[in-house]
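Notes follow once the structure below has been shown.
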Number of protein chains: 2
Amino acid sequence: MGTAHLHSAPHTTKERILSAAEELFARHGFDGASLRQLTAAAGVNLAAVNYHFGSKDRLIEEVFRRRLDELNSRRMAALSRIAGQEGTTLEDVLAAFIKPALDLSHDDSGSLFMRVLARAFAEHDDTLRKFLSENYGHVMRQFTAEFARLLPHLSKEELYWRVDLVTGALTHAMSGFGMIQRKSDVTEHTHREQTAAHLIRFAAAGLSHP
Amino acid sequence: MGTAHLHSAPHTTKERILSAAEELFARHGFDGASLRQLTAAAGVNLAAVNYHFGSKDRLIEEVFRRRLDELNSRRMAALSRIAGQEGTTLEDVLAAFIKPALDLSHDDSGSLFMRVLARAFAEHDDTLRKFLSENYGHVMRQFTAEFARLLPHLSKEELYWRVDLVTGALTHAMSGFGMIQRKSDVTEHTHREQTAAHLIRFAAAGLSHP
DNA sequence: TCCGGAATCAAACGATCGTTTGAGCATACG
DNA sequence: CGTATGCTCAAACGATCGTTTGATTCCGGA
């Protein structure tokens, strides 16, 4: 839990490794990206990875942790503002889930992380799944509980199915980002709003259809 | 270029390699599964892969070709029976797309292939994407054209988005198979029908929402 | 029966992988 | 100033990778 000064760490060796790792893991996969490519891209010595992270596997975990801590705390914050409230709509909950991910996709190199995440889904690696489930499973559980409240006519089994399908669609969409290109006459911000509205409407239709 | 007797080749070395490759690629990825594991699992000599397929990359292509030829010809056959007809519904077209994949998922080791396919989506490998696009892109184009006919109120851009999202959901669902377990009191056949109906309703809602 | 191409085999090739080592360098503290 | 500590570095380690080689076995047709 320590990890002092999460922000404002611009040029340290650890940060340079993490950024290069995120890009190369997204582009070539966890096995496909070697530590030699990685450290060369980061401009650091080969041994620096094992010195600072212990092993390649622990580096992979840190790549996830850096982004998911931020992403999931934003999702939880957005959800806690609306969960259980009377006027809350399905679209509100979906917005709390989707918008933080879109914000992440937009900033500097965060969009690459979504591709890393998509790879993690495709890999049915038990170690990685266990790590993700243990550290971030409660987020998905909270959202599912809120979906259940707003969709009382669905059985638990039915709801799990639909949430799973929506998750697949969103992961696929965000990792294969850029299907819809931003028109030159709209700002980045409004484009993101439009994309969010798009995904939310699709997910709402899939979740709540009769 | 021969490739005589495509069917009915039960015990040949090539077939044993292809089956073992499908399983190990699904389980450990294309890089993660080595030719030594693969040939050991198949009970053949290490050099047999390069003798019969030329290289590991060409073996990967053959793994795709063997299943996708069958899958896509069934999809095209089902589509051609309903495309352009007056009474055809959106659900009919989706059934033509989904049911052949479910049939494939069900038989002997076909379900593993869906995981291989999901990996191929996650990998943004250009060589593999080009291979899939060149050989099977026309199928997706035909289905999209029929969707466009049945959903005339959607712009081309809007339609592409929704088709992409539906594709992501289905790929995710079929590769992560087993979310819904078959109850012991329903037959395999009716379970498959129920699953198909489920996916079709979800996809129809996502495609046609206002 | 003998021959010739197809198929299989053990063994080795060079390359690259993740990881470790031990010396060298820096900076801060007594 | 001397030294301890945190970090970087080139080099090497053993393991494993995809691929190739050359000998051996198999088997149908003249």
Side-chain angles (χ1 to χ4, degrees), chain A residues 2-5 9-64 116 119-120 123 125 127-128 131, chain B residues 1-6 8-64 116 119-120 123 125-128 131:
Chain A
T3 72
H5 56 68
H11 289 302
T12 75
T13 297
K14 286 186 74 165
E15 286 292 331
R16 310 183 83 226
I17 291 175
L18 283 170
S19 293
E22 186 170 70
E23 171 162 351
L24 288 175
F25 287 157
R27 228 181 280 284
H28 304 111
F30 303 114
D31 287 323
S34 72
L35 294 187
R36 284 171 177 80
Q37 299 177 316
L38 203 156
T39 50
V44 304
N45 187 268
L46 168 61
V49 170
N50 285 277
Y51 179 80
H52 286 285
F53 297 94
S55 69
K56 184 179 184 178
D57 284 331
R58 300 249 296 277
L59 168 62
I60 293 175
E61 288 191 1
E62 280 303 311
V63 169
F64 279 101
V116 177
R119 280 186 186 273
E123 316 252 357
D125 181 282
T127 306
L128 197 54
F131 169 79
Chain B
M1 285 294 161
T3 78
H5 53 70
L6 269 176
S8 75
H11 288 302
T12 75
T13 296
K14 287 186 73 165
E15 287 290 332
R16 311 184 82 228
I17 291 175
L18 284 170
S19 293
E22 187 170 69
E23 170 161 351
L24 288 176
F25 287 157
R27 226 179 281 285
H28 304 112
F30 302 115
D31 287 323
S34 73
L35 293 186
R36 283 170 177 82
Q37 297 177 316
L38 203 156
T39 51
V44 304
N45 187 271
L46 168 62
V49 170
N50 285 276
Y51 178 80
H52 286 286
F53 296 95
S55 67
K56 185 179 183 178
D57 284 332
R58 300 250 296 279
L59 168 62
I60 293 175
E61 288 190 2
E62 280 304 311
V63 169
F64 280 101
V116 178
R119 280 187 186 273
E123 317 251 358
D125 181 281
D126 283 339
T127 306
L128 197 53
F131 168 80

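Throughout, protein chains are lettered first and strands after them, A, B, ... in sequence-line order, and every chain is numbered starting at 1.
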query: Backbone N or O of S34(A) within a donor-acceptor pair of the Q37(A) side chain at under 3.5 Å?
result: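 Side chain of Q37(A) to backbone of S34(A), a donor-acceptor pair under 3.5 Å: yes, one is there.
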message: With a 3.5 Å distance limit and no angle check, can you tell me whether R119(A) reaches the backbone of F25(A) through a side-chain donor-acceptor pair?
response: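 Checking the backbone N and O of F25(A) against the side chain of R119(A), a donor-acceptor pair under 3.5 Å is found.
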Grab the [atom1]-[atom2] distance between [X] and [N] for me, whole Å please.
| X | N | atom1 | atom2 | value |
| --- | --- | --- | --- | --- |
| N50(A) | dG6(D) | CG | C1' | 17 Å |
| Q37(B) | dC17(D) | CD | P | 6 Å |
| F53(A) | dC7(D) | CZ | P | 12 Å |
| F30(B) | dG18(D) | CZ | P | 14 Å |
| L46(B) | dC17(D) | CG | P | 10 Å |
| I17(B) | dA7(C) | CD1 | P | 12 Å |
| R16(B) | dT8(C) | CZ | P | 10 Å |
| L35(A) | dG18(C) | CG | P | 4 Å |

Please tell me which of the listed nucleotides, [options], lies nearest to the side chain of [X]?
| X | options | result |
| --- | --- | --- |
| K56(A) | dG6(D), dT19(C), dA12(C) | dT19(C) |
| R36(A) | dT19(D), dT19(C), dG6(D) | dT19(C) |
| N45(B) | dT19(D), dA10(C), dA12(D) | dA10(C) |
| T13(A) | dT8(D), dA7(C), dG18(D) | dT8(D) |

[atom1]-[atom2] distance between [X] and [Y], expressed to the nearest 0.5 angstrom:
| X | Y | atom1 | atom2 | value |
| --- | --- | --- | --- | --- |
| F30(A) | L128(A) | CZ | CG | 6.0 Å |
| N50(A) | L59(A) | CG | CG | 9.5 Å |
| T127(A) | F131(A) | OG1 | CZ | 11.5 Å |

message: Taking only side-chain N and O atoms of S34(B), does any of them lie within less than 4.0 angstrom of OP1 or OP2 on dC17(D)?
response: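 For dC17(D), OP1 or OP2 has a side-chain N or O of S34(B) closer than 4.0 Å.
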Phosphate OP1/OP2 of dT8(C): any H52(B) side-chain N/O under 4.0 Å: yes
task: Hey, which sits more toward the 5' end of DNA chain C by its nearest nucleotide, S55(A) or A47(B)?
output: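 The residue mapped nearer the 5' terminus is A47(B).
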